[in-house]
Amino acid sequence: TMQAQWNAVDDYFCQQLVPQDAALEAALADSAAAGLPAINVAPNQGKFLNLLARIHGARRILEIGTLGGYSTIWLARALPADGGLVTLEYEPRHVEVAAANLARAGVAGQVDIIPGAAADSLQRLIDDGAPPFDLVFIDADKPNNPVYLELALRLSRPGTVIVGDNVARQGEVANPANPDPAIVGTRRFIELMGSHPRLSATAIQTVGGKGYDGFALAIVER
Ligand code: SAM
């Protein structure tokens, strides 16, 4: 099957390019043991985020959707010593598991996990006058993606990079008749990225161990 081939190629790429260390492996093992869904980014996607943050020289990173902190570890490891990451998570159990995983990975001192609904946390960051983020990774509840994009823009500066995960939705993103709120939200997200005067964006379909999916990438122009 195609999935078997995608798995084999992802395994090969990960073996050759993405050595896992004990902290990353333990983060996934403890997330699974705690009953968290395995909807974290794949290792080679985590490394992609890490490389993107380093290429961009990101010092302040915002993540929406922490889960067990797997992508958080990849992103936090891209930060300089004086950099910081804010990650937003609704489920208290996920916050708890992520906190332990981040501590074991040695990045807890650079990461602030804000519990609660991400839209509320983003509004609080705006109200508190938080300095702009250099990179934003949007990976939470997909129906809210347009809301997260608008709020993230208020925490951005020209040059801020915004990544949105899981935008292909098994191809259903191209189906305007699909009423699934995740599809509707993803379509609004893509259309907002395309039409927003402050953004220049693209989206890429992907295959791999996590199946068929894709991500959107944007830069804040002004
Ligand atoms: N970024 C993680 C990774 O790759 O390791 C995976 C995140 S998972 C796909 C999505 C997360 O968003 C879940 O942990 C879920 O509980 C959280 N979430 C869902 N709705 C949310 C909301 N309204 N506010 C904040 N987090 C939310």
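Below, each value reflects all heavy atoms present in this structure, side chains not excepted, and no hydrogens, waters or symmetry copies. One-based numbering, in listed order, for ligands and for the atoms of each.
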- Message: If the cut-off is 4.0 Å to any non-hydrogen atom of Ile39, which atoms of ligand 1 fall inside it?
- Response: 6 (C), 8 (S), 9 (C)
- Query: Which of the atoms of ligand 1 are close to Ala117, meaning less than 4.0 Å from one of its heavy atoms?
  - Reply: 24 (N)
- Query: For Gly116, is the nearest heavy atom under 4.0 Å from an atom of ligand 1?
  - Reply: yes
- So, Gln110 side chain and Gly83 main chain: donor-acceptor pair closer than 3.5 Å or not? yes
- Message: Taking CD in Gln5 as the centre, count heavy atoms belonging to other residues, nucleotides or ligands within less than 6.0 Å. Is the count above 12?
- Response: no
- Supply the atom-to-atom distance Leu135 CG to Leu75 CG, rounded to the nearest 0.5 angstrom. 6.5 Å
- Message: If I apply the N/O under 3.5 Å rule, does Glu91 come out as touching ligand 1?
- Response: no
- What do you reckon, does Gly65 have a nitrogen or oxygen under 3.5 Å from a nitrogen or oxygen of ligand 1? yes
- Item | Enclosure of Arg198 CZ (heavy-atom neighbours >12, cutoff 6.0 Å) | yes
- Message: Testing the 3.5 Å rule here: is there a donor-acceptor pair between the side chains of Gln15 and Asp11?
- Response: no
- Residue pair Arg188, Glu191: steps toward the salt bridge (Lys or Arg N to Asp or Glu O under 4.0 Å) verdict: CA-CA 5 Å; Arg188 289 217 182 103; Glu191 289 155 26; over 6 Å; no
- Sub-4.0 Å atoms of ligand 1 with respect to non-hydrogen atoms of Asn40: 3 (C), 4 (O), 5 (O)
- Query: In terms of residue, atom name and distance, what is the protein heavy atom nearest to atom 27 (C) of ligand 1?
  - Reply: Tyr90 CB, 3.6 Å
- Note on the structure: of all protein heavy atoms, closest to atom 24 (N) of ligand 1 is Ala118 N, 2.8 Å
- Message: Looking at Ala130, is its backbone amide N or carbonyl O close enough to the side chain of Asp128 to form a donor-acceptor pair, meaning the two atoms are under 3.5 Å apart?
- Response: no
- Query: Closest non-hydrogen protein atom to atom 3 (C) of ligand 1, residue and atom name please, with distance?
  - Reply: Ser71 OG, 3.0 Å
- Message: I need the nearest protein heavy-atom contact for atom 21 (C) of ligand 1: residue, atom name and distance, please.
- Response: Asp141 OD1, 3.3 Å
- So, does Asn101 use its side chain to make a donor-acceptor pair with the main chain of Gly68 at under 3.5 Å? yes
- Task: Note the single closest protein heavy atom to atom 11 (C) of ligand 1, along with its residue, its atom name and the distance in Å.
- Result: Glu89 OE1, 3.6 Å
- Task: Check Thr72 against ligand 1 and report side chain, backbone, both or neither, counting heavy atoms closer than 4.0 Å.
- Result: neither
- Passing option when Tyr212 is tested against Arg169, Gln170, Gln205 for side-chain hydrogen bond (donor to acceptor under 3.5 Å, both in side chains): Gln205
- For atom 10 (C) of ligand 1, grab the closest protein heavy atom and report residue, atom and distance to one decimal in Å. Asp139 O, 3.2 Å
- Query: With a 4.0 Å cut-off on heavy atoms, does Tyr148 reach ligand 1?
  - Reply: yes
- Could you state the interatomic distance from OG1 (Thr87) to CG (Leu102), rounded to the nearest 0.5 Å? 8.0 Å
- Looking at Leu28, Ile64, Asn166, Val41, the heavy atom closest to atom 4 (O) of ligand 1 belongs to Val41
